[in-house]
2 protein chains.
Amino acid sequence: MLLTDGTTKQLNCLAQVQPIRDALDVVGGKWKVLILTAIMQGNRRFREIETSIPKLNPKVLAKELKDLEEHQLIQRIVHDDYPVLIEYVATDYARTLKKVMLELHDWGVNHRKQVFGK
Amino acid sequence: MLLTDGTTKQLNCLAQVQPIRDALDVVGGKWKVLILTAIMQGNRRFREIETSIPKLNPKVLAKELKDLEEHQLIQRIVHDDYPVLIEYVATDYARTLKKVMLELHDWGVNHRKQVFGK
DNA sequence: CATTGCGCTTACGTTGAGGTAACTGCCTTC
DNA sequence: GAAGGCAGTTACCTCAACGTAAGCGCAATG
């Protein structure tokens with residue numbers, strides 16, 4: 001065991017927490033989960049997604065879609081017919097988030113009870 | 001089934017996502033997980049916590065501790081000896097976060113592989 | 001040929017999370 | 001009585017997220 005001094009322990013702790021922060025970066029923020037859910041529910045077109053989520057504006061949507069694509073959670077598909085048609089679909093990889101989302105959801109539901117409901 | 005029109009479906013989706021956002025609010029941000037972990041590892045005093053986390057400053061720590069206390073994840077204990085001594089301890093309730101953290105951690109570790117690794 | 005829809009982009013403004021530095025009141029130690 | 005530790009607070013600043021409004025190029029539609 002190397003955990004004999006404070007410094008090593010500290011570094012170890014930071015390393016342990018880093019993946020959690022990574023995950024939160026991907027899924028955190030005001031819109032990511034909402035947008036991903038909308039897409040998974042079958043909203044594929046830009047406007048469709050936009051109008052399916054109240055108060056979401058096109059500038060923010062465009063940026064969030066780019067982020068989600070970078071993280072390989074969605075795919076942007078361009079159909080070169082005329083008029084050009086663009087679709088966003090969730091990747092298989094995005095399904096790996098299911099367990100995480102479920103845990104977050106359950107904890108969130110329970111937390112509401114804990115803090116308000118008696 | 002009430003899910004016959006778009007509006008109902010939309011509201012339903014929003015409701016489903018809300019608990020996830022609640023959970024992310026509690027545990028999100030740059031410092032919360034780090035601070036909670038530090039406390040769980042046995043750092044109980046304000047200065048102790050502060051110095052155990054690099055780059056964390058007292059103003060932010062004070063605010064985050066208040067948040068965590070409001071959400072009942074930690075307890076602030078004042079020992080009225082002289083000199084006054086103050087301790088922060090994780091509540092039993094905070095342990096309920098373990099599964100969520102584990103899922104986030106595992107997903108985060110895997111995500112690093114997915115995005116960079118081969 | 002005006003309007004509408006699509007998939008955005010651009011220029012601007014606001015807000016809040018987080019950072020910096022200094023300082024406070026209280027107590028102990030040198 | 002100067003210095004230092006503890007548990008913060010205060011005033012000020014920065015920056016990125018997010019919001020608002022408008023517009024662009026293209027195609028279809030009336």
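Just so it is clear: chains get the letters A, B, ... in the order the sequence lines come, proteins before strands, and each one is counted from 1.
Whole-Å rounding puts the B:Tyr88 OH to D:dC6 P distance at 14 Å. At whole-Å resolution of the value, CG in B:Asp80 and P in D:dA7 are 14 Å apart. Rounded to whole angstrom, the span from the CG atom of A:Asp67 across to the P atom of D:dA16 amounts to 14 Å.
In this model, the phosphate group of D:dA7 is not approached by any side-chain N or O of B:Lys63 to a distance below 4.0 Å at OP1 or OP2. For the OP1/OP2 pair of D:dA7 and a distance below 4.0 Å, the side-chain nitrogens and oxygens of B:Arg44 include no atom meeting the criterion. The phosphate of D:dA7 (OP1 or OP2) has a side-chain N or O of B:Arg45 nearer than 4.0 angstrom. Between A:Lys30 and the phosphate of D:dG19, there is a side-chain N or O to OP1/OP2 separation shorter than 4.0 Å.
In terms of modelled atom types and a separation under 3.5 Å, the side chain of A:Glu64 and the main chain of A:Val60 share no donor-acceptor contact. Panel note: side chain B:His71, backbone B:Asp67; a donor-acceptor pair is recorded below 3.5 Å.
Using a 4.0 Å cut-off between charged side-chain N and carboxylate O, B:Arg21 and B:Asp25 make no salt bridge. One finds no salt bridge joining B:Lys66 and B:Glu69 here, because no Lys/Arg side-chain nitrogen approaches an Asp/Glu carboxylate oxygen to under 4.0 Å.
Nearest to the side chain of B:Glu64, among C:dG18, C:dG7, D:dA7, sits C:dG18.
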Every protein N/O within reach of nucleotides 21-30 of chain C N/O, cut-off under 3.5 Å:
none

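If you chain together hydrophobic residues whose side chains sit under 4.5 Å apart, A:Leu104 and B:Tyr93 fall into the same group.
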